[in-house]
Amino acid sequence: MSRVYNFSSGPAVLPETVLKKAASEMLEYGEYGMSVMEMSHRSSAFTDIIDEAEELLTGLMNIPSDYQVLFLQGGASTQFTMIPMNLMTDNKTIDIIHTGVWTEKAIKEGKKLGKVNIIASSEDRMFTYIPSVEKLHYNKDADYIHICYNNTICGTKYNTLPEADIPVVADMSSCILSEEYDVSKYGVIFAGAQKNIGPAGVTVVIIKKDLMKRADANLPSMLNFNVYAENKSMFNTPPTYAIYISKLVFQWIKDLGGVKEIEKINRHKAALLYDFIDNSKLFKSNVDKNFRSLMNIPFTTGSKELDSLFVKESEKNSFANLQGHKSAGGMRASIYNAMPVEGVESLIKFMEKFELER
Ligand SMILES: *Cc1c(COP(=O)(O)O)cnc(C)c1O
């Protein structure tokens, strides 16, 4: 057995150099004679790791000094609760653009805490596009607008941000660090790590410090952004090993030349696959061309039988996790930062061969 090309939507492929580095440090990290997993989170060795992780991420995303970076737990899903809890004012109202499963979950959780206005939706065409953000009507009393920047399941993404005078809260779980974003345009960016950052278990939240003042001091400590900020993300034991691997991934991106460079590679990888699909007689993409994701590329033959044969054959050829999400069917190739260009090229060769044999 050798390593396969893993197209999983998450937990997802990690850079091989990162895994090798982690393996080399597994038994003894530096001079400390123990694994990072065995260390106190209060030790200077670990404090250095988390500080460095924050510093690297701040550099990579050019995060302004009036923003707070937090390493939390509970996945991106906890943020569907934590963000409204912290950011809703007495208005208790939020606006949402509904673009698929992940905003549906945000809507459901938001409704438990206040009023949720769905100000636009792409449900009419099975979430295959992003509603126009130019002519949106925002509610005057909305505390913020929630969007899912990249839709992991349907394979759509925004190209322009809503120009609202209320803060934009963006779920970037499946696209953070894949292309350059102007952080200053957002109130909150959040992402579960397991797609484009590191292992499952840590969630990154980047939040404008101003907005943190909205939180009621009586919120449960574990759900209060301020408590984490005051304790440098160590109010309780943080997911230490996940943060360590994330740090290695940040370093890997930096060594590649930063987000600007990785974006170029991502655009190249996505273009290769979309070009092939668009010119194929067998495979097709149902996503509106203007809103195609760089990270998650769903495709289908149009036949359930052929789709499942394709997935079966792909597994025999060292490609893993190409089946689509259960709600979408078909196939999906998730080509996150850590998927090498060769992985996409090999997939295309395999698709070509599969098509020729039909
Ligand atoms: C995976 C995903 C989530 C859920 O993340 P968890 O860490 O499992 O809670 C939320 N939003 C998007 C866009 C995702 O891709």
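On a predicted model such as this, the values are computed, not experimentally measured, just so you know. Side chains are part of it too, since the values below use all heavy atoms of this structure and drop only hydrogens, waters and symmetry mates.
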### Query
Distance under 6.0 Å and angle within 45° of the ring axis: does Arg358 meet both against Phe354?
yes
### Query
Honestly, is Lys108 close enough over Trp102, meaning NZ or CZ under 6.0 Å from the six-membered ring centre and within 45° of the axis?
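Not flagged: Lys108 not positioned over aromatic ring of Trp102.
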Do other residues, nucleotides or ligands put more than 12 heavy atoms under 6.0 Å from [X] [atom1]?
X: Asn317; atom1: CG; value: yes
X: Glu180; atom1: CD; value: yes
X: Lys349; atom1: NZ; value: no
X: Glu55; atom1: CD; value: no

#### Entry: Option from Asp171, Asn150, Asn151, Thr128 for which side chain to side chain donor-acceptor pair (under 3.5 Å) with Thr99 holds
Asn151
#### Entry: Criterion side chain to side chain donor-acceptor pair (under 3.5 Å) against Glu179, the qualifying member of Lys264, Arg267, Lys260
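By the side chain to side chain donor-acceptor pair (under 3.5 Å) criterion, Glu179 pairs with just one of Lys264, Arg267, Lys260: Arg267.
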Ionic contact status for [Y] with [X], cut-off 4.0 Å:
X: Lys281; Y: Glu355; value: no
X: Glu25; Y: Lys21; value: yes
X: Asp307; Y: Lys304; value: no
X: Lys232; Y: Asp51; value: yes

May I ask you to check whether [X] and [Y] show a side-chain donor-acceptor distance below 3.5 Å?
X: Asn159; Y: Lys157; answer: yes
X: Arg332; Y: Ser9; answer: yes
X: Thr103; Y: His98; answer: yes
X: Asn296; Y: Ser334; answer: yes
X: Gln251; Y: Asp255; answer: yes

### Pair listing, salt bridge (Lys or Arg N to Asp or Glu O under 4.0 Å) test, anchored in residues 120-135, at least two apart
none
Rounded to the nearest 0.5 Å, what separates atom [atom1] in [X] from atom [atom2] in [Y]?
X: Asp216; Y: Asn224; atom1: CG; atom2: CG; answer: 8.5 Å
X: Leu19; Y: Leu14; atom1: CG; atom2: CG; answer: 5.0 Å
X: Leu87; Y: Arg214; atom1: CG; atom2: CZ; answer: 5.0 Å
X: Lys209; Y: Gln68; atom1: NZ; atom2: CD; answer: 5.5 Å

Tell me whether [Y] is reachable from [X] by hopping between hydrophobic residues (I, L, V, M, F, W, Y) whose side-chain heavy atoms are closer than 4.5 Å.
X: Ile83; Y: Phe235; result: yes
X: Val204; Y: Met212; result: no
X: Tyr149; Y: Ile107; result: no

#### Entry: Contact check, side chains of Met234 and Phe46, non-hydrogen atoms, under 4.5 Å
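They are in side-chain contact.
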### Task
State, yes or no, whether a side-chain contact exists between Val169 and Ile145 at a heavy-atom distance under 4.5 Å.
no
### Within residues 314-333 or reaching into it, pairs that qualify as ring pair (Phe, Tyr, Trp, His ring centres under 6.0 Å) - sequence neighbours excluded
Phe319-Phe350
### Message
For the aromatic rings, using the six-membered ring if either is Trp, is the centroid distance between Tyr241 and Tyr244 under 6.0 Å?
### Response
yes
### Query
Between Tyr29 and Tyr32, how do the two ring planes meet: parallel, tilted or perpendicular, split at 30° and 60°?
parallel
### Query
Using the ring of each side chain (for Trp, its six-membered ring), is Phe299 parallel, tilted or perpendicular to Phe283, with breaks at 30° and 60°?
perpendicular
Over all atoms of both residues, closest heavy-atom pair of [X] and [Y]:
X: Leu56; Y: Phe250; result: CB-CB, 3.7 Å
X: Ser8; Y: Tyr336; result: O-CE1, 3.4 Å
X: Ser173; Y: Gly192; result: OG-N, 3.3 Å

### Query
Got a donor-acceptor contact below 3.5 angstrom from the Arg292 side chain to the Ile297 backbone?
no
### Message
Using only atom types and a distance under 3.5 Å, with no angle test, would you say the side chain of Tyr67 pairs donor to acceptor with the backbone of Val183?
### Response
yes
### Candidate pair Asp182 and Ser184, rule side chain to side chain donor-acceptor pair (under 3.5 Å), full reasoning
CA-CA 5 Å; Asp182 180 353; Ser184 71; 2.6 Å; yes
